[in-house]
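One structure below.
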Amino acid sequence: MNQQLDDADTIILRTLQRDCRIGLEQLAQECSLSVPSVQRRLKRLRDSGLILKEVAVLNPSRFDYKMTFIVLVELDRESLQQLDLFRKRARNEPQVQQCYYVTGDADFVLICVAQDMEDFEDLTHRLFFDNSNVRRFRTSVAMDRTKIGLELPI
């Protein structure tokens, strides 16, 4: 961490990780500060890059995305250009929720959503079969979404 966080900053960050819709008044009350002080701290935390974005987490099944897949991808060539091309392809694909460049048996691990198996098959054609640099991919189907989140234990 580039800067020191005091207790109030930590409370603000912990609280926002649980619910970023919390009002400024309630947030100020949580950390015993005034609303203008919380506003200044939030601006500093955002401007410094400690807060990357604030998003709504949607229920995928309510939008007919009932299936989640964990996909391990191996590339043929791992030049910087090839890695960047794959990253760009994954970033631009709305059904890819997360993409990690990893060590081990695979080069990338993707978390993807699909409406059904046919939808996932279409995704595999776009991401893998149409990409001559993908050597192979292995897929696991998530049986249950036991924990979803990106909270840091600060």
Side-chain angles (χ1 to χ4, degrees), residues 1-75 78 80 82-117 119-120 122-124 126-128 134 137-154:
M1 199 164 11
N2 294 348
Q3 62 192 55
Q4 287 293 88
L5 298 176
D6 62 18
D7 289 342
D9 290 330
T10 303
I11 291 169
I12 289 170
L13 292 171
R14 280 187 192 140
T15 304
L16 290 177
Q17 283 190 112
R18 284 190 304 276
D19 182 6
C20 70
R21 291 179 0 166
I22 189 171
L24 285 173
E25 294 82 15
Q26 188 176 348
L27 193 55
Q29 196 172 30
E30 293 273 333
C31 55
S32 302
L33 295 173
S34 68
V35 170
S37 178
V38 169
Q39 286 175 313
R40 282 191 299 276
R41 286 169 180 266
L42 279 171
K43 180 173 177 11
R44 179 177 47 81
L45 293 167
R46 289 173 179 136
D47 290 348
S48 71
L50 286 173
I51 297 175
L52 293 177
K53 67 169 63 170
E54 297 162 66
V55 300
V57 178
L58 306 180
N59 180 345
S61 67
R62 298 291 300 265
F63 295 90
D64 286 332
Y65 285 94
K66 295 180 178 13
M67 301 188 80
T68 301
F69 299 86
I70 298 92
V71 185
L72 283 71
V73 181
E74 292 178 46
L75 301 180
E78 293 186 61
L80 289 177
Q82 292 293 334
L83 293 171
D84 287 342
L85 284 171
F86 188 83
R87 285 183 182 109
K88 182 179 179 184
R89 198 172 208 154
R91 265 189 221 106
N92 290 334
E93 176 53 59
Q95 288 179 254
V96 174
Q97 291 186 316
Q98 297 177 50
C99 176
Y100 300 94
Y101 178 50
V102 298
T103 62
D105 293 335
D107 297 306
F108 288 92
V109 174
L110 306 179
I111 308 298
C112 305
V113 293
Q115 294 175 338
D116 52 32
M117 287 306 289
D119 188 35
F120 181 67
D122 291 342
L123 176 65
T124 64
R126 288 193 306 274
L127 279 179
F128 312 128
V134 172
F137 65 95
R138 292 183 305 281
T139 303
S140 295
V141 179
M143 301 293 289
D144 179 47
R145 295 170 53 96
T146 304
K147 180 179 180 180
I148 305 298
L150 295 172
E151 289 183 32
L152 293 177
I154 59 169

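Keep in mind that what you see is a predicted model, and the values were worked out from it rather than measured.
- Residues V113 and L123 come closest through the heavy atom pair O-CD2, 4.5 Å.
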Kindly determine whether F137 and L127 satisfy side-chain contact (heavy atoms from CB on, under 4.5 Å), including the steps that lead there. CA-CA 10 Å; F137 65 95; L127 279 179; over 6 Å; no
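- Contact check for L13 versus L152: no side-chain heavy atoms found under the 4.5 Å cut-off.
- The salt bridge (charged side-chain N to carboxylate O under 4.0 Å, His left out) analysis of residues 50-60, with sequence neighbours excluded, yields the pairs R46-E54.
- In this structure, the separation between CG on D64 and CE on M67 is 13.0 Å, given to the nearest 0.5 Å.
- Inter-residue side-chain proximity for L5 and L50 is flagged as met; some heavy-atom pair is nearer than 4.5 Å.
- Looking at F108 and V134, their side chains never come closer than 4.5 Å, going by heavy atoms from C-beta outward.
- Looking at every heavy atom in both residues, T15 comes nearest to I11 through OG1-O, 2.7 Å.
- Between the NZ atom in K88 and the CZ atom in R91 there is a gap of 9.5 Å [rounded to 0.5 Å].
- The environment of CG in N92 is crowded: more than 12 heavy-atom neighbours from other residues, nucleotides or ligands sit within 6.0 Å.
- For the atom pair I70 CD1 and T139 OG1, the distance stands at 9.5 Å (nearest 0.5 Å).
- Remark: L45 CG to I51 CD1 distance equals 5.0 Å, nearest 0.5 Å.
- The shortest distance between side-chain heavy atoms of R41 and L33 falls below 4.5 Å.
- Using a distance-only test at 3.5 Å, with no hydrogens or angles considered, no donor-acceptor pair links the side chain of S32 to the main chain of A28.
- With contacts defined as side-chain heavy-atom distances shorter than 4.5 Å, the pair T124/V71 does not qualify.
- Distance CD/Q26 to CD/E30: 5.5 Å, rounded to 0.5 Å.
- Annotation: N59, atom CG; neighbour count of heavy atoms from other residues, nucleotides and ligands within 6.0 Å is above 12.
- Q95 approaches A114 most closely through the heavy-atom pair NE2-CA, 3.6 Å.
- Side-chain contact between R126 and R89 is absent, with no heavy-atom pair separated by less than 4.5 Å.
- Applying the ring pair (Phe, Tyr, Trp, His ring centres under 6.0 Å) definition to pairs two or more places apart or across chains, those involving residues 29-70 are F69-F120.
- Proximity of a side-chain donor or acceptor of Q97 to a complementary backbone N or O of C112 within less than 3.5 Å is not detected.
- Between Q17 and I154, the closest heavy-atom pair is NE2-CG1, 4.0 Å.
- Under the salt bridge (charged side-chain N to carboxylate O under 4.0 Å, His left out) criterion, D84 pairs with R87, sequence neighbours left out.
- Under the 4.5 Å side-chain criterion, counting only non-hydrogen atoms from C-beta, L42 is in contact with L24.
- In the displayed structure, R145 atom CZ is contacted under 6.0 Å by more than 12 heavy atoms of other residues, nucleotides or ligands.
- Interatomic distance, R44 CZ to I12 CD1, rounded to the nearest 0.5 Å: 8.0 Å.
- Residues K66 and D119 form no side-chain contact, since every pair of their non-hydrogen atoms from C-beta on lies 4.5 Å or further apart.
- The heavy-atom pair separating A106 from E74 by the smallest distance is CA-CG, 4.0 Å.
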